[in-house]
Protein chains: 2
Amino acid sequence: MEIENRIERIKKQLHQQSYKLTPQREATVRVLLENEEDHLSAEDVYLLVKEKAPEIGLATVYRTLELLTELKVVDKINFGDGVSRFDLRKEGAAHFHHHLVCIECGKVEEIEDDLLEDVEKIVERDFTFKIMDHRLTFHGICRNCQQLKKGE
Amino acid sequence: MEIENRIERIKKQLHQQSYKLTPQREATVRVLLENEEDHLSAEDVYLLVKEKAPEIGLATVYRTLELLTELKVVDKINFGDGVSRFDLRKEGAAHFHHHLVCIECGKVEEIEDDLLEDVEKIVERDFTFKIMDHRLTFHGICRNCQQLKKGE
DNA sequence: TTGGTTGCAAACAGTTTGCAACGGT
DNA sequence: ACCGTTGCAAACTGTTTGCAACCAA
């Protein structure tokens, strides 16, 4: 099963830096894996983890998410409301994926395609800037809301 | 003088929506104009405004910045620390400009060029997503820090 | 006199931290 | 016994809100 594999790999990653995959941490990772497309906030993760491990504390979830961010297992993102969201990094993905945020319904869609190769070349050349990562978000109206507006 | 012109224009924009350019608001706008390249946080703005108008309250600054954001005079941005920063929109700029954030020294550089035209066409076509605005940030190492690293 | 605006303080939301207790090695 | 980890509560930070006072039209 895919999930078990990924947990095993994360476990090894933790061990390499002499951290442990405690039950609380495992439960947290499991929630992230099971809701991979969902852009959960720390609070969201907390509530979901609580269903399986009711004794867990919010602080532990925060600490785990911070740890996972350091290990680059997840990315901490921020769509402008004051809330951090956490996104699993795809295996071997060199770059952060992009997001489409609908300003009508708030839905967030992900784009895996690397659209920025050309743009990055230009930036690196013209600004002598060594790019390590990027964040690209489009704000607009999603397919669904476009349909709804037509019917108005 | 350039600044006076821009204030005059913002004043008109406010009046059109029956808001007033009060002394506090003017002082706030002035600070933004005088620190145009600086990506100030609300707190930053507050401290700078206080030098000229010591009686102003933090809440007023927040309310003014919110108002200016609504009017699209400024853009509210967010580089991942928990702080909102405010950036004057260039006159007539259809799109938000881009940023280069240096992960060594924290400096933020701006790019005015619209690099995303082609990418946007692809996204609008492939995802049926009507793009209204975008945010693009590159994280990496700036010219300066690259030099410093060479010398190590 | 009305309605937008202000300053202050209190409230709030998300996040972090201090600390004593816990648990595996 | 040690040391990383946990849960809890308190602290903190950035932001928002309620409200009485204010001020220009």
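Chain naming here is simple, since letters A, B, ... match the order of the sequence lines and numbering starts at 1 in each.
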* Trace of the side chain to side chain contact (heavy atoms under 4.5 Å, CB included) decision for B/L116 with A/L136 -> CA-CA 10 Å; B/L116 293 179; A/L136 173 59; 3.9 Å; yes
Between [X] ([atom1]) and [N] ([atom2]), how many Å, whole number?
X	N	atom1	atom2	answer
A/Y19	D/dG4	OH	P	10 Å
B/Y46	C/dG7	OH	C1'	9 Å
A/Q24	C/dC22	CD	P	14 Å
A/E55	C/dC22	CD	P	14 Å
B/L14	C/dT5	CG	C1'	12 Å
B/N78	C/dG14	CG	P	14 Å
B/E26	D/dA24	CD	P	14 Å
A/R85	C/dG14	CZ	C1'	12 Å

* Passes salt bridge (charged side-chain N to carboxylate O under 4.0 Å, His left out), B/K130 versus B/E120? Steps please. -> CA-CA 9 Å; B/K130 178 90 190 87; B/E120 294 195 348; over 6 Å; no
* Asked: A/R25 has a side chain; which of D/dT5, D/dG7, C/dG7 sits nearest to it?
  ->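 Looking only at side-chain atoms, A/R25 lies closest to D/dT5.
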* Asked: What does B/S84 touch in the nucleic acid at a heavy-atom separation under 4.0 angstrom: a base, only the sugar-phosphate, or nothing?
  ->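 Sugar-phosphate contact only.
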* Asked: Is the NZ atom of B/K52 crowded by more than 12 outside heavy atoms at less than 6.0 Å?
  -> yes
* Asked: Of B/E43 and B/K20, whose nearest nucleotide on DNA chain D comes first from the 5' end?
  ->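 The residue mapped nearer the 5' terminus is B/E43.
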* To do: Return the 5'-most residue of the pair A/A42, B/P23 with respect to DNA chain C, ranking by each residue's nearest nucleotide.
  =>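 Result: B/P23.
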* To do: On the 0 to 90° scale, with breaks at 30° and 60°, tag the B/H134-B/H98 ring pair as parallel, tilted or perpendicular.
  =>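 Aromatic pair B/H134/B/H98 classed tilted.
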* To do: Test B/K20 against B/E26 for salt bridge (charged side-chain N to carboxylate O under 4.0 Å, His left out), laying out the working first.
  => CA-CA 10 Å; B/K20 297 167 198 166; B/E26 184 175 330; over 6 Å; no
* So, is A/T22 close to the C/dG23 phosphate, meaning a side-chain N or O under 4.0 Å from OP1 or OP2? ->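 No, because none of the side-chain N or O atoms of A/T22 sits under 4.0 Å from OP1 or OP2 of C/dG23.
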* **Working for side chain to side chain donor-acceptor pair (under 3.5 Å), residues B/H97 and B/D75** => CA-CA 10 Å; B/H97 53 266; B/D75 282 302; 5.6 Å; no
* Asked: When hydrophobic residues are tied together by side-chain contacts of less than 4.5 Å, even through go-betweens, does A/F138 share a cluster with A/F79?
  -> no
* Asked: Does anything in residues 58-69 of chain B reach DNA chain D, meaning a heavy atom under 4.0 Å, and if so which residues?
  -> B/L58, B/A59, B/Y62, B/R63
